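Note sheet for the following structure.
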Amino acid sequence: MTLTSPHLGSSDAWTDARLLYALEEVVEKELNRHLKVVKDWMPHEYVPWSDGRNFPGFFEDGEAWDPQQSKVTDIGRIALVVNLLTEDNLPSYHHEIATLFGRDGAWGTWVHRWTAEEGRHGIVMRDYLLASRAVDPDKLEQFRMAHMSEGFESDNRHSMLHSVAYVAFQELATRISHRNTGHQSGDPVCDRMLARIATDENLHMVFYRNLLGAAFELAPDLTMQAVRDVVVNFRMPGHGMPGFERAAAQMAIGEIYNLRIHHDDVLQPVLRFLKVLEIDGLGPEGLKAQEELGLYMDGLDSEASKFDEKLAARKARLLAREAR
């Protein structure tokens, strides 16, 4: 397909302000679509309150936390903490997108609606973790304080297009992480809760993905460069939390989120839906970015295959050890 700018002939003429204005109608359309399909839900309905009991502190009958008190698996516990701490930085995320997208018109309405919906995720996850005693509450709070005290600054805060491209992939990555955590948690209650959160994340991804598609129609060269930059330099928003690297490695081995999942279930679906690597009519910079994006995806696929082989070998060793 051939995409050309219907408004401005040169990519240099596109500023963030002009793009925000040009995309306002698309945001309004996507916002209205979102509000028609999204379903409100009550976080408290997903929490096993009857499992809860007092922790030590002000209550004389408080019972100290012990990992054996919960059905949740070790890898589920690790991933749940990572996922919750990621959600906890919502104030910083809101500040980022409110600064970039503004607080007026359809953009502002979406910013506040998105924030309200995301707020439910942290509420229900923390309530579940405490009621079910899935994690050490003291360590969880210490991690939260450390993580939120650092705040969050997006790698893409310099550009509205880069930010839209990032969240199109990141919302899907978060959805996949939540769903796989639920599957690996060992607790049907946890799985059901995270499935509900993942439904929200998927709708958020669709909003940003469609917005990214509209940006390709307006400014294909700039949007292609933004997508290239975001894909090549992608980092999850929780990368700054305490112990993230070790937790990410454990989640990779536990098949909650790894290179293969990132390539097959996050990057490829968005790129394929928007036919990013098939867009023609690009200028020199856009074409260069498209070629570099294709090469990167090929290289990532190769790296993912190497990881798959190492993971399969590890599983084989563990099975052999158990058979002795």
Side-chain angles (χ1 to χ4, degrees), residues 41-95 115-152 174 177-198 200-201 236-257:
W41 54 281
M42 303 298 137
H44 56 268
E45 294 179 354
Y46 289 81
V47 179
W49 297 106
S50 59
D51 291 346
R53 48 201 185 277
N54 293 336
F55 289 103
F58 291 104
F59 299 100
E60 293 183 1
D61 62 343
E63 181 180 351
W65 178 81
D66 186 280
Q68 302 304 315
Q69 295 167 343
S70 171
K71 302 174 185 177
V72 173
T73 60
D74 289 341
I75 187 59
R77 184 176 294 113
I78 291 167
L80 279 163
V81 171
V82 170
N83 291 353
L84 176 56
L85 291 178
T86 299
E87 299 286 355
D88 274 337
N89 250 339
L90 182 60
S92 286
Y93 306 149
H94 174 84
H95 174 75
T115 303
E117 291 180 9
E118 288 286 342
R120 288 184 178 134
H121 304 168
I123 291 170
V124 71
M125 289 179 68
R126 175 167 282 100
D127 286 347
Y128 165 81
L129 291 175
L130 297 180
S132 68
R133 290 184 167 241
V135 300
D136 183 332
D138 292 344
K139 286 187 177 179
L140 181 65
E141 177 60 11
Q142 290 162 7
F143 284 154
R144 187 189 72 85
M145 286 297 295
H147 187 41
M148 291 192 69
S149 294
E150 289 295 321
F152 172 82
T174 305
S177 181
H178 283 313
R179 281 308 284 127
N180 289 343
T181 298
H183 293 330
Q184 302 278 14
S185 69
D187 182 6
V189 174
C190 180
D191 192 22
R192 183 167 58 247
M193 171 194 67
L194 291 176
R196 188 64 201 68
I197 293 174
D200 280 359
E201 303 290 10
M236 291 293 275
H239 61 81
M241 69 180 61
F244 178 79
E245 289 78 10
R246 185 168 186 269
Q250 292 170 309
M251 290 169 67
I253 294 172
E255 298 183 81
I256 288 176
Y257 201 96

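Start at 1 with the first residue, then count along the sequence. Everything numeric here is computed off the predicted structure, so don't read it as measured data.
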Within this structure, what is the [atom1]-[atom2] distance for the pair [X] and [Y], rounded to the nearest 0.5 Å?
X: Leu85; Y: Phe244; atom1: CG; atom2: CZ; result: 10.5 Å
X: Ser149; Y: Arg144; atom1: OG; atom2: CZ; result: 8.5 Å
X: Ser132; Y: Asp127; atom1: OG; atom2: CG; result: 10.5 Å

*asked:* Applying salt bridge (charged side-chain N to carboxylate O under 4.0 Å, His left out) as the test, list every pair that has at least one member in residues 183-195; sequence neighbours left out.
replied: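 Every salt bridge (charged side-chain N to carboxylate O under 4.0 Å, His left out) pair that includes a residue of residues 183-195, provided the two are not neighbours, is Arg179-Asp191.
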
_Heavy-atom count check: over 12 atoms from other residues, nucleotides or ligands less than 6.0 Å from Glu63 CD?_
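More than 12 within 6.0 Å, yes.
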
_Glu60, CD: over 12 other non-hydrogen atoms inside 6.0 angstrom_ =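 Not buried by this count: 12 neighbours or fewer within 6.0 Å.
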
So do the side chains of [X] and [Y] get within less than 4.5 Å of each other, counting heavy atoms only?
X: Met193; Y: Arg196; value: no
X: Tyr257; Y: Val82; value: no
X: Pro242; Y: Gln142; value: no
X: His121; Y: Asp200; value: yes
X: Leu80; Y: Leu194; value: yes

*Check the pair Asp51, Arg133 against side chain to side chain contact (heavy atoms under 4.5 Å, CB included), reporting the backbone distance first and the verdict last.*
CA-CA 8 Å; Asp51 291 346; Arg133 290 184 167 241; over 6 Å; no

Nearest heavy-atom pair of [X] and [Y]: which atoms, and what distance?
X: Thr86; Y: Gly238; value: OG1-CA, 3.8 Å
X: Gly254; Y: Ile75; value: CA-CG1, 4.2 Å
X: Thr181; Y: Gly76; value: CG2-O, 4.1 Å
X: Val72; Y: Ala134; value: CG2-CB, 3.8 Å
X: Ile78; Y: Ala247; value: CG2-CB, 3.9 Å
X: Asn83; Y: His178; value: ND2-ND1, 3.4 Å

Has [X] got a side-chain atom pairing as donor or acceptor with [Y]'s backbone, closer than 3.5 angstrom?
X: Ser177; Y: Thr174; answer: no
X: Thr73; Y: Gln184; answer: yes
X: Arg77; Y: Ser70; answer: no
X: Gln69; Y: Ala64; answer: yes
X: Arg126; Y: Val124; answer: no

*Name all pairs fulfilling the ring pair (Phe, Tyr, Trp, His ring centres under 6.0 Å) condition that reach into residues 59-95, sequence neighbours left out, sorted by first residue then second.*
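Applying ring pair (Phe, Tyr, Trp, His ring centres under 6.0 Å) to every pair that reaches into residues 59-95, excluding sequence neighbours, yields Tyr93-Phe152, His94-His112.
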
*Can you list the residues that meet the ring pair (Phe, Tyr, Trp, His ring centres under 6.0 Å) rule with His147, with sequence neighbours excluded?*
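His147 satisfies ring pair (Phe, Tyr, Trp, His ring centres under 6.0 Å) with no other residue.
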
*Evaluate the ring planes of Trp41 and Tyr46, with Trp represented by its six-membered ring, and classify them as parallel (under 30°), tilted (30 to 60°) or perpendicular (over 60°).*
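Perpendicular.
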
*Start with the C-alpha distance between Leu140 and Leu84, add both sets of side-chain angles, then the distance that settles side chain to side chain contact (heavy atoms under 4.5 Å, CB included), and finish with yes or no.*
CA-CA 9 Å; Leu140 181 65; Leu84 176 56; 4.0 Å; yes

*Check step by step if side chain to side chain contact (heavy atoms under 4.5 Å, CB included) holds for Thr115 and Glu118.*
CA-CA 5 Å; Thr115 303; Glu118 288 286 342; 5.8 Å; no

